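A, B, ... follow the sequence lines: proteins, then strands. Residue 1 opens every chain. Bear in mind the structure is a predicted one, so any value in this text is a computation, not a measurement.
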Amino acid sequence: MPSPMALKKERSPAANTSPARPKLLLDWYDRHRRRLPWRAAPGETADPYRVWLSEIMLQQTTVKAVGPYFEKFVARWPDVTALGRASLDDVLRMWAGLGYYSRARNLYACAVAVARDHGGEFPDTEEGLRALPGIGPYTAAAIAAIAFDRRTMPVDGNIERVVSRLFAVEEELPQAKPLIRQLAATLLADSRAGDSAQALMDLGASICTPKKPACSLCPLNEDCAARAQATQETFPRKAPKKSGTLRRGAAFVVMRGDELLVRTRPEKGLLGGMTEVPGSDWLAGQDDKVAKEQAPELKGLSRWQRRLGVVTHVFTHFPLELVVYTARAEARTRAPEGMRWVAIATLADEALPNVMRKVIAHALDR
DNA sequence: GAGCCGTGGCC
DNA sequence: TGGCCAAGGCT
């Protein structure tokens, strides 16, 4: 008796790999491609540096959010060698607000490696790219296809959705990844691999959307297995994910005239290397009293005042609730070991993650 | 392999 | 409003 898994696989019409699809896709792309700052004009060669930079920024991040950051980066660092000569701190400051800060560290490490080990030229193979920091299987394939015309199909969340619908893949993610990768490769045209990939991404972004896909406008709607069953929105199949447990903590905002007391977080882990105001640990089930006890000790400090309300923030794997305390320090008060004073006016130049912007805004509010 | 790692926008 | 989602990688 066959296992349930085998039954599911048999039911996926993987054999339906119409050879007409790659051309349908490219024809659609030629008519409807999005114009994006990092994209080469039709027929022009893509700049590997811009492709790489955009791919790193676009990891788990929307096109809209990336736009201004991409422009800032290329204006300041026009090529990978220039970026490699920058300082990590400058890169983190420019990245502040985009999230997933280990990407910024790997971006910088990658630029240094390309400048030092590859003469300022990106490797032109998936394998070579894959060896660089911050470049995983998806990004390596994307750069290889888009910048170097290698015949490979990168598979991101967008393409997973399109493909799982097109073939009505019943297997759940992430187990279905190998099957989806295999099916996605059948959509590759004989040439213009990069355009095949970007066509699928554009299709996923504008037509084959997570909610209410516009199937009537889709160039592949004729033989989409999910549409034939009217089950488009149920793909891709995936197990529901559990939300994290609420953590609580306290943040301490100390003013010395027009200056604010800050410190730098440890290199690794959550918000690694970013700037923060001093605070307690962030723990599940911690009460305000315990958190308050972790306030920094300074001489000449006025009484702590608790701000009304809390600052809430939701990270990928847990929600956070911070109570905010404020105090004033006398002029010339020394910053404790590992901390420093920064002028409020120059706060915008700090590598401040958004949760800290919220805390400071809450503390300074009126 | 599964958990960790930000943020903003959407309905 | 809260859960989901976005051109994933690292450990």
How would you summarise protein contacts on nucleotides 6-11 of chain B per nucleotide, using B for base, S for sugar-phosphate only and - for none, with heavy-atom distances below 4.0 Å?
BBS---

DNA chain C nearest-nucleotide lookup for A:Gly134 and A:Trp38: closer to the 5′ end is A:Trp38

Looking only at side chains, do A:Arg340 and A:Thr264 share a donor and an acceptor under 3.5 Å apart?
yes

Which of C:dG9, C:dA6, B:dC4 is nearest the side chain of A:Thr139? It is C:dG9

Describe the nucleic acid contact of A:Trp52 in one word from base, sugar-phosphate, nothing, applying a heavy-atom distance below 4.0 Å.
nothing

Parallel, tilted or perpendicular, judged at 30° and 60°: which one describes the rings of A:Trp52 and A:Phe122?
tilted

Identify, between A:Ile135 and A:Arg161, the residue whose nearest nucleotide on DNA chain C lies closer to the 5' end.
A:Arg161

C1'-based separation of B:dG1 from C:dA6 [nearest Å]:
23 Å

Are A:Arg237 and A:Glu171 close enough for a salt bridge, meaning some N to O gap below 4.0 Å?
no

Just to be sure I understand the rule, does A:Pro137 reach a base, reach only the sugar-phosphate, or reach nothing, if contact means heavy atoms closer than 4.0 Å?
sugar-phosphate

Ion pair present between A:Arg192 and A:Asp30, side-chain N to carboxylate O less than 4.0 angstrom?
yes

Please tell me if A:His317 has a side-chain N or O lying less than 4.0 Å from either OP1 or OP2 of B:dG3.
no

Report which part of the nucleic acid A:Arg357 touches: base, sugar-phosphate, or nothing (heavy-atom distance under 4.0 Å, all strands).
nothing

Tell me, yes or no, whether the heavy-atom count around A:Lys23 atom NZ, taken from other residues, nucleotides or ligands under 6.0 Å, exceeds 12.
no

Counting only heavy atoms not in A:Glu222 (residues, nucleotides, ligands), do more than 12 fall under 6.0 Å from its CD?
no

Tell me the interatomic distance from A:Ile143, atom CD1, to C:dG9, atom C1', rounded to whole angstroms.
13 Å

When the distance from CD of A:Glu267 to C1' of B:dC4 is rounded to whole Å, what number comes out?
18 Å

To the nearest Å, how far apart are A:Leu173 CG and C:dC5 P?
11 Å

Atom CD1 of A:Ile159 and atom C1' of C:dA6 are separated, to the nearest Å, by 14 Å

Quantified in whole Å, what is the P atom distance between nucleotide C:dT11 and nucleotide B:dG6?
14 Å

Between A:Trp282 (CH2) and B:dC4 (P), how many Å, whole number?
15 Å

Look at the aromatic rings of A:Tyr325 and A:Phe252 and report parallel, tilted or perpendicular, splitting at 30° and 60°.
parallel

Which whole-number value in Å describes the distance from A:Ile180 CD1 to C:dG8 P?
14 Å

Check the side chains of A:Thr312 and A:Glu321 for a donor-acceptor pair under 3.5 angstrom, ignoring hydrogens and angles.
no

Within this structure, what is the CG-to-P distance between A:Leu320 and B:dC5, rounded to whole angstrom?
12 Å

Looking at every strand, decide which applies to A:Leu36 at a 4.0 Å heavy-atom threshold: base, sugar-phosphate, or nothing.
base

Please report the distance, rounded to the nearest Å, between NZ in A:Lys268 and P in C:dC10.
12 Å

With heavy atoms under 4.0 Å as the rule, sort A:Arg105 into base, sugar-phosphate or nothing.
nothing

